[in-house]
> 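After the C-alpha coordinates below, expect a handful of questions from me.
Order of the sequence lines sets the chain letters (A, B, ...), proteins ahead of strands, with each chain counted from 1.
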2 protein chains.
Amino acid sequence: MTAATGPDTQDAPGRDPLSAVFAALADPTRRAILARLTEGEAPVGALAAPFAMSGAAISKHLRVLERAGLITRGREAQWRPARLDATPLREVAAYADGFRRFWDESFARLDDYLARMEDPS
Amino acid sequence: MTAATGPDTQDAPGRDPLSAVFAALADPTRRAILARLTEGEAPVGALAAPFAMSGAAISKHLRVLERAGLITRGREAQWRPARLDATPLREVAAYADGFRRFWDESFARLDDYLARMEDPS
DNA sequence: CGGTTAGATAACCGACTGGTTCTGCAGGGG
DNA sequence: CCCCTGCAGAACCAGTCGGTTATCTAACCG
(Lines give C-alpha, C1' and ligand atoms only; values in the text may rest on other atoms or scores of the structure.)
Protein backbone atom coordinates (compact mmCIF):
# COMPACT_ATOMS: atom_id res chain seq x y z
CA MET A 1 0.00 0.00 0.00
CA THR A 2 0.89 3.60 0.47
CA ALA A 3 0.57 3.88 -3.26
CA ALA A 4 2.46 7.17 -3.09
CA THR A 5 -0.07 8.85 -5.30
CA GLY A 6 -0.54 11.54 -2.67
CA PRO A 7 1.70 13.99 -0.85
CA ASP A 8 2.02 11.68 2.17
CA THR A 9 1.02 14.02 4.95
CA GLN A 10 2.57 11.91 7.69
CA ASP A 11 6.24 11.23 7.23
CA ALA A 12 8.16 9.26 9.77
CA PRO A 13 6.35 7.67 12.68
CA GLY A 14 2.78 7.49 11.51
CA ARG A 15 3.47 4.48 9.32
CA ASP A 16 0.27 2.59 9.71
CA PRO A 17 -2.70 3.74 11.79
CA LEU A 18 -2.64 0.79 14.16
CA SER A 19 0.99 1.43 15.05
CA ALA A 20 0.18 5.08 15.73
CA VAL A 21 -2.68 4.11 18.02
CA PHE A 22 -0.62 1.55 19.93
CA ALA A 23 2.25 4.01 20.24
CA ALA A 24 -0.12 6.66 21.55
CA LEU A 25 -1.47 4.22 24.13
CA ALA A 26 2.02 3.18 25.22
CA ASP A 27 2.29 6.14 27.58
CA PRO A 28 0.56 6.30 30.96
CA THR A 29 0.13 10.06 30.78
CA ARG A 30 -1.74 9.77 27.50
CA ARG A 31 -3.88 6.93 28.80
CA ALA A 32 -4.72 9.05 31.84
CA ILE A 33 -5.69 11.89 29.52
CA LEU A 34 -7.97 9.56 27.63
CA ALA A 35 -9.49 8.33 30.88
CA ARG A 36 -10.14 11.90 31.92
CA LEU A 37 -11.75 12.69 28.59
CA THR A 38 -14.31 9.96 29.13
CA GLU A 39 -15.89 12.40 31.60
CA GLY A 40 -16.28 14.97 28.86
CA GLU A 41 -14.18 17.35 26.85
CA ALA A 42 -11.58 19.42 28.66
CA PRO A 43 -9.19 22.27 27.82
CA VAL A 44 -5.44 21.82 28.02
CA GLY A 45 -5.12 23.53 31.37
CA ALA A 46 -7.58 21.20 33.01
CA LEU A 47 -5.77 18.22 31.51
CA ALA A 48 -2.36 19.46 32.57
CA ALA A 49 -3.34 20.09 36.21
CA PRO A 50 -3.03 16.59 37.66
CA PHE A 51 0.15 15.63 35.84
CA ALA A 52 2.82 17.92 37.31
CA MET A 53 4.33 18.79 33.98
CA SER A 54 4.36 21.81 31.74
CA GLY A 55 1.43 22.65 29.54
CA ALA A 56 3.66 22.41 26.50
CA ALA A 57 4.29 18.76 27.28
CA ILE A 58 0.55 18.16 27.50
CA SER A 59 0.14 19.93 24.17
CA LYS A 60 2.59 17.47 22.65
CA HIS A 61 0.76 14.53 24.15
CA LEU A 62 -2.48 15.86 22.76
CA ARG A 63 -0.95 16.16 19.35
CA VAL A 64 0.14 12.54 19.50
CA LEU A 65 -3.37 11.51 20.50
CA GLU A 66 -4.85 13.66 17.77
CA ARG A 67 -2.55 12.15 15.12
CA ALA A 68 -3.63 8.72 16.29
CA GLY A 69 -7.22 9.79 15.83
CA LEU A 70 -8.04 9.28 19.49
CA ILE A 71 -9.10 12.85 20.15
CA THR A 72 -10.42 15.82 18.22
CA ARG A 73 -9.70 19.41 19.05
CA GLY A 74 -12.26 22.20 19.22
CA ARG A 75 -12.17 25.94 19.51
CA GLU A 76 -13.98 27.85 22.20
CA ALA A 77 -12.61 31.34 22.66
CA GLN A 78 -8.96 30.96 23.66
CA TRP A 79 -9.51 27.39 24.79
CA ARG A 80 -8.93 24.41 22.56
CA PRO A 81 -10.87 21.68 24.26
CA ALA A 82 -9.97 18.09 23.53
CA ARG A 83 -12.72 15.59 22.93
CA LEU A 84 -12.42 11.82 23.02
CA ASP A 85 -12.85 9.88 19.80
CA ALA A 86 -12.63 6.23 20.71
CA THR A 87 -13.25 4.76 17.29
CA PRO A 88 -9.61 3.67 16.82
CA LEU A 89 -9.95 1.70 20.04
CA ARG A 90 -12.49 -0.45 18.33
CA GLU A 91 -9.73 -1.73 16.06
CA VAL A 92 -7.48 -2.23 19.05
CA ALA A 93 -10.15 -4.34 20.69
CA ALA A 94 -10.63 -6.26 17.47
CA TYR A 95 -6.91 -6.88 17.17
CA ALA A 96 -6.56 -8.16 20.72
CA ASP A 97 -9.73 -10.17 20.36
CA GLY A 98 -8.17 -11.98 17.42
CA PHE A 99 -5.88 -13.66 19.95
CA ARG A 100 -8.71 -14.77 22.18
CA ARG A 101 -8.14 -18.44 21.45
CA PHE A 102 -4.56 -18.05 22.71
CA TRP A 103 -5.36 -16.29 25.96
CA ASP A 104 -5.49 -19.58 27.79
CA GLU A 105 -2.20 -21.33 27.36
CA SER A 106 -3.57 -24.78 28.01
CA PHE A 107 -6.20 -24.15 25.38
CA ALA A 108 -3.46 -23.32 22.91
CA ARG A 109 -1.76 -26.58 23.76
CA LEU A 110 -5.02 -28.38 23.30
CA ASP A 111 -5.48 -26.75 19.93
CA ASP A 112 -2.01 -27.84 18.92
CA TYR A 113 -2.77 -31.33 20.14
CA LEU A 114 -5.99 -31.50 18.17
CA ALA A 115 -4.26 -30.27 15.04
CA ARG A 116 -1.76 -33.09 15.35
CA MET A 117 -4.56 -35.56 15.90
CA GLU A 118 -6.45 -34.66 12.77
CA ASP A 119 -3.42 -34.23 10.55
CA PRO A 120 -0.72 -36.60 11.77
CA SER A 121 1.47 -36.18 8.67
CA MET B 1 10.74 9.07 41.17
CA THR B 2 11.07 5.32 40.83
CA ALA B 3 11.02 5.16 44.63
CA ALA B 4 14.06 2.91 44.56
CA THR B 5 12.78 0.80 47.41
CA GLY B 6 13.55 -2.34 45.48
CA PRO B 7 16.20 -3.64 43.13
CA ASP B 8 14.03 -2.61 40.18
CA THR B 9 14.95 -5.29 37.68
CA GLN B 10 13.72 -3.32 34.73
CA ASP B 11 15.08 0.19 34.59
CA ALA B 12 14.07 2.47 31.81
CA PRO B 13 11.25 1.46 29.49
CA GLY B 14 9.36 -1.19 31.40
CA ARG B 15 7.50 1.39 33.49
CA ASP B 16 4.17 -0.35 33.83
CA PRO B 17 3.23 -3.62 32.15
CA LEU B 18 0.45 -2.16 30.02
CA SER B 19 2.78 0.45 28.57
CA ALA B 20 5.29 -2.25 27.76
CA VAL B 21 2.65 -4.30 25.97
CA PHE B 22 1.34 -1.35 23.98
CA ALA B 23 4.87 -0.30 23.08
CA ALA B 24 5.62 -3.82 21.92
CA LEU B 25 2.52 -3.81 19.75
CA ALA B 26 3.34 -0.42 18.25
CA ASP B 27 5.60 -1.99 15.65
CA PRO B 28 4.33 -3.79 12.56
CA THR B 29 7.26 -6.18 12.52
CA ARG B 30 6.52 -7.32 16.04
CA ARG B 31 2.82 -7.67 15.29
CA ALA B 32 3.71 -9.76 12.26
CA ILE B 33 5.89 -11.93 14.46
CA LEU B 34 3.00 -12.44 16.85
CA ALA B 35 0.72 -13.29 13.95
CA ARG B 36 3.19 -15.84 12.75
CA LEU B 37 3.48 -17.38 16.20
CA THR B 38 -0.23 -18.07 16.23
CA GLU B 39 0.60 -20.89 13.83
CA GLY B 40 2.91 -22.40 16.40
CA GLU B 41 6.30 -21.81 17.90
CA ALA B 42 9.16 -20.91 15.59
CA PRO B 43 12.92 -20.41 15.83
CA VAL B 44 14.50 -17.05 15.14
CA GLY B 45 15.60 -17.97 11.66
CA ALA B 46 12.12 -18.87 10.56
CA LEU B 47 10.83 -15.63 12.01
CA ALA B 48 13.53 -13.54 10.39
CA ALA B 49 13.02 -14.99 6.91
CA PRO B 50 10.04 -12.96 5.69
CA PHE B 51 11.19 -9.61 7.08
CA ALA B 52 14.29 -8.73 5.07
CA MET B 53 16.29 -7.65 8.05
CA SER B 54 19.18 -9.05 10.02
CA GLY B 55 18.70 -11.78 12.56
CA ALA B 56 20.08 -9.51 15.24
CA ALA B 57 17.21 -7.11 14.67
CA ILE B 58 14.75 -9.96 15.09
CA SER B 59 16.50 -10.99 18.27
CA LYS B 60 15.93 -7.50 19.60
CA HIS B 61 12.28 -7.56 18.62
CA LEU B 62 11.89 -10.90 20.35
CA ARG B 63 13.46 -9.50 23.48
CA VAL B 64 10.97 -6.63 23.47
CA LEU B 65 8.13 -9.08 23.05
CA GLU B 66 9.52 -11.27 25.80
CA ARG B 67 9.85 -8.33 28.19
CA ALA B 68 6.25 -7.45 27.45
CA GLY B 69 5.30 -11.00 28.34
CA LEU B 70 3.92 -11.69 24.89
CA ILE B 71 6.25 -14.58 24.11
CA THR B 72 8.29 -17.13 25.98
CA ARG B 73 11.56 -18.58 24.78
CA GLY B 74 12.49 -22.23 24.79
CA ARG B 75 15.62 -24.24 24.18
CA GLU B 76 15.89 -27.00 21.66
CA ALA B 77 19.49 -27.80 20.75
CA GLN B 78 20.90 -24.64 19.18
CA TRP B 79 17.46 -23.24 18.49
CA ARG B 80 15.63 -20.94 20.84
CA PRO B 81 12.07 -21.21 19.63
CA ALA B 82 9.65 -18.43 20.51
CA ARG B 83 6.19 -19.33 21.70
CA LEU B 84 3.21 -17.02 21.83
CA ASP B 85 1.81 -16.07 25.23
CA ALA B 86 -1.24 -13.97 24.58
CA THR B 87 -2.32 -13.41 28.16
CA PRO B 88 -1.22 -9.75 28.18
CA LEU B 89 -3.51 -9.21 25.21
CA ARG B 90 -6.43 -10.03 27.43
CA GLU B 91 -5.70 -6.84 29.36
CA VAL B 92 -5.33 -4.94 26.13
CA ALA B 93 -8.75 -6.14 25.06
CA ALA B 94 -10.16 -5.25 28.47
CA TYR B 95 -8.66 -1.77 28.27
CA ALA B 96 -10.05 -1.06 24.82
CA ASP B 97 -13.35 -2.59 25.77
CA GLY B 98 -13.62 -0.07 28.59
CA PHE B 99 -14.16 2.55 25.90
CA ARG B 100 -16.92 0.62 24.20
CA ARG B 101 -19.57 3.17 25.14
CA PHE B 102 -17.52 5.84 23.36
CA TRP B 103 -16.96 3.99 20.12
CA ASP B 104 -19.99 5.58 18.59
CA GLU B 105 -19.60 9.31 18.78
CA SER B 106 -23.29 10.02 18.57
CA PHE B 107 -23.88 7.55 21.36
CA ALA B 108 -21.41 9.46 23.49
CA ARG B 109 -23.33 12.67 22.81
CA LEU B 110 -26.54 10.93 23.69
CA ASP B 111 -25.03 9.66 26.90
CA ASP B 112 -23.89 13.15 27.77
CA TYR B 113 -27.35 14.44 26.98
CA LEU B 114 -29.02 11.83 29.17
CA ALA B 115 -26.66 12.59 32.04
CA ARG B 116 -27.65 16.24 31.88
CA MET B 117 -31.30 15.28 31.74
CA GLU B 118 -31.24 13.14 34.83
CA ASP B 119 -28.95 15.35 36.86
CA PRO B 120 -29.44 18.94 35.77
CA SER B 121 -27.49 20.41 38.69
C1' DC C 1 39.00 -32.49 17.10
C1' DG C 2 37.63 -28.68 13.77
C1' DG C 3 33.95 -26.60 11.17
C1' DT C 4 29.33 -25.02 10.58
C1' DT C 5 24.90 -23.49 12.05
C1' DA C 6 21.79 -20.64 15.23
C1' DG C 7 21.52 -17.12 17.83
C1' DA C 8 22.76 -13.57 21.43
C1' DT C 9 25.49 -9.58 22.64
C1' DA C 10 28.11 -5.26 22.06
C1' DA C 11 29.27 -1.11 19.83
C1' DC C 12 27.67 2.14 16.96
C1' DC C 13 24.48 5.10 14.18
C1' DG C 14 20.53 8.23 12.80
C1' DA C 15 15.94 9.21 14.05
C1' DC C 16 12.43 9.87 17.17
C1' DT C 17 10.49 10.77 22.06
C1' DG C 18 9.44 13.19 26.15
C1' DG C 19 10.56 16.67 28.64
C1' DT C 20 12.19 21.54 29.37
C1' DT C 21 12.15 26.90 28.52
C1' DC C 22 11.23 30.75 25.78
C1' DT C 23 8.77 33.12 22.33
C1' DG C 24 4.56 34.13 19.69
C1' DC C 25 -0.31 34.72 19.00
C1' DA C 26 -5.40 34.75 19.50
C1' DG C 27 -8.88 36.39 22.16
C1' DG C 28 -11.48 38.39 26.42
C1' DG C 29 -11.55 41.84 30.35
C1' DG C 30 -10.39 45.96 33.01
C1' DC D 1 -6.53 50.34 24.51
C1' DC D 2 -3.40 47.52 26.85
C1' DC D 3 -2.63 43.62 29.12
C1' DC D 4 -3.50 39.14 30.77
C1' DT D 5 -4.90 34.43 30.00
C1' DG D 6 -4.55 29.96 27.36
C1' DC D 7 -2.31 27.66 24.42
C1' DA D 8 0.83 26.34 20.27
C1' DG D 9 5.41 26.25 18.30
C1' DA D 10 10.49 26.37 18.06
C1' DA D 11 14.87 25.36 19.93
C1' DC D 12 17.23 22.44 22.74
C1' DC D 13 18.62 18.26 25.53
C1' DA D 14 19.02 13.50 27.26
C1' DG D 15 17.41 9.04 26.58
C1' DT D 16 15.41 5.37 23.87
C1' DC D 17 14.49 2.82 19.43
C1' DG D 18 15.22 0.32 15.36
C1' DG D 19 18.49 -0.93 12.55
C1' DT D 20 23.33 -2.18 11.14
C1' DT D 21 27.97 -4.99 11.44
C1' DA D 22 31.22 -7.53 14.00
C1' DT D 23 32.28 -10.61 17.69
C1' DC D 24 31.17 -14.36 20.67
C1' DT D 25 29.15 -18.65 22.69
C1' DA D 26 26.51 -23.01 22.28
C1' DA D 27 25.49 -27.04 20.12
C1' DC D 28 25.44 -30.40 16.32
C1' DC D 29 28.13 -32.93 12.56
C1' DG D 30 31.90 -35.24 10.20
> Taking only side-chain nitrogens and oxygens of A/S54, does any of them come within less than 4.0 Å of OP1 or OP2 of C/dG19?
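No, A/S54 has no side-chain N/O under 4.0 Å of OP1/OP2 on C/dG19.
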> Out of curiosity, B/L37 CG to B/D85 CG, how far, rounded to the nearest 0.5 Å?
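Answer rounded to 0.5 Å: 11.0 Å.
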> Any side-chain N or O of B/R75 under 4.0 Å from OP1/OP2 of C/dG7?
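Answer is no, no contact under 4.0 Å.
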> Quick one: B/F51 CZ to D/dG19 P, roughly how many Å, whole number?
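Distance, rounded to whole Å: 11 Å.
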> With a 4.0 Å cutoff (strictly under), does any side-chain N or O of A/H61 reach OP1 or OP2 of C/dG19?
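True: A/H61 side-chain N/O within range (under 4.0 Å) of C/dG19 OP1/OP2.
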> Below 4.5 Å, heavy atoms only, C-beta onward: do A/P88 and A/E91 meet side chain to side chain?
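The answer is no; the side chains never approach within 4.5 Å.
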> Scan the side chains in residues 47-65 of chain A for donor-acceptor partners under 3.5 Å anywhere in the protein, sequence neighbours excluded, and list what turns up.
residue	atom	partner	partner atom	Å
A/S54	OG	A/A57	N	3.3
A/H61	ND1	A/R30	NH1	3.1

> Is there a donor-acceptor pair under 3.5 Å between the side chain of B/R80 and the backbone N or O of B/R73?
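Judged by distance alone, no pair lies under 3.5 Å.
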> How many whole angstroms separate atom CG of B/L47 from atom P of C/dA8?
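It works out to 10 Å between those atoms.
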> Side chains of B/F99 and A/L34, heavy atoms from C-beta outward: is any pair under 4.5 Å?
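Yes. Closest side-chain heavy atoms under 4.5 Å.
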> For each nucleotide in nucleotides 3-11 of chain D, reading 5' to 3', give B when a protein heavy atom comes within less than 4.0 Å of its base, S when such contact involves only the sugar-phosphate, and - otherwise.
---SSSB-B
> Would the distance check show the side chain of A/R36 and the main-chain N or O of A/A46 forming a donor-acceptor pair, the cut-off being under 3.5 Å?
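Side chain of A/R36 to backbone of A/A46, a donor-acceptor pair under 3.5 Å: yes, one is there.
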> Given that A/A77 and A/A23 both sit by DNA chain C, which one's nearest nucleotide is further toward the 5' end?
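Going by which nucleotide is closer to the 5' end, it is A/A23.
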> Please report the distance, rounded to the nearest Å, between CD1 in B/I33 and P in C/dG7.
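Answer to the nearest Å: 12 Å.
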> C/dT9 P sits how many Å from B/E66 CD, rounded?
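From B/E66 CD to C/dT9 P: 9 Å.
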> In this structure, how many angstroms lie between the P atom of C/dG18 and the CG atom of A/L25, rounded?
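That distance rounds to 12 Å.
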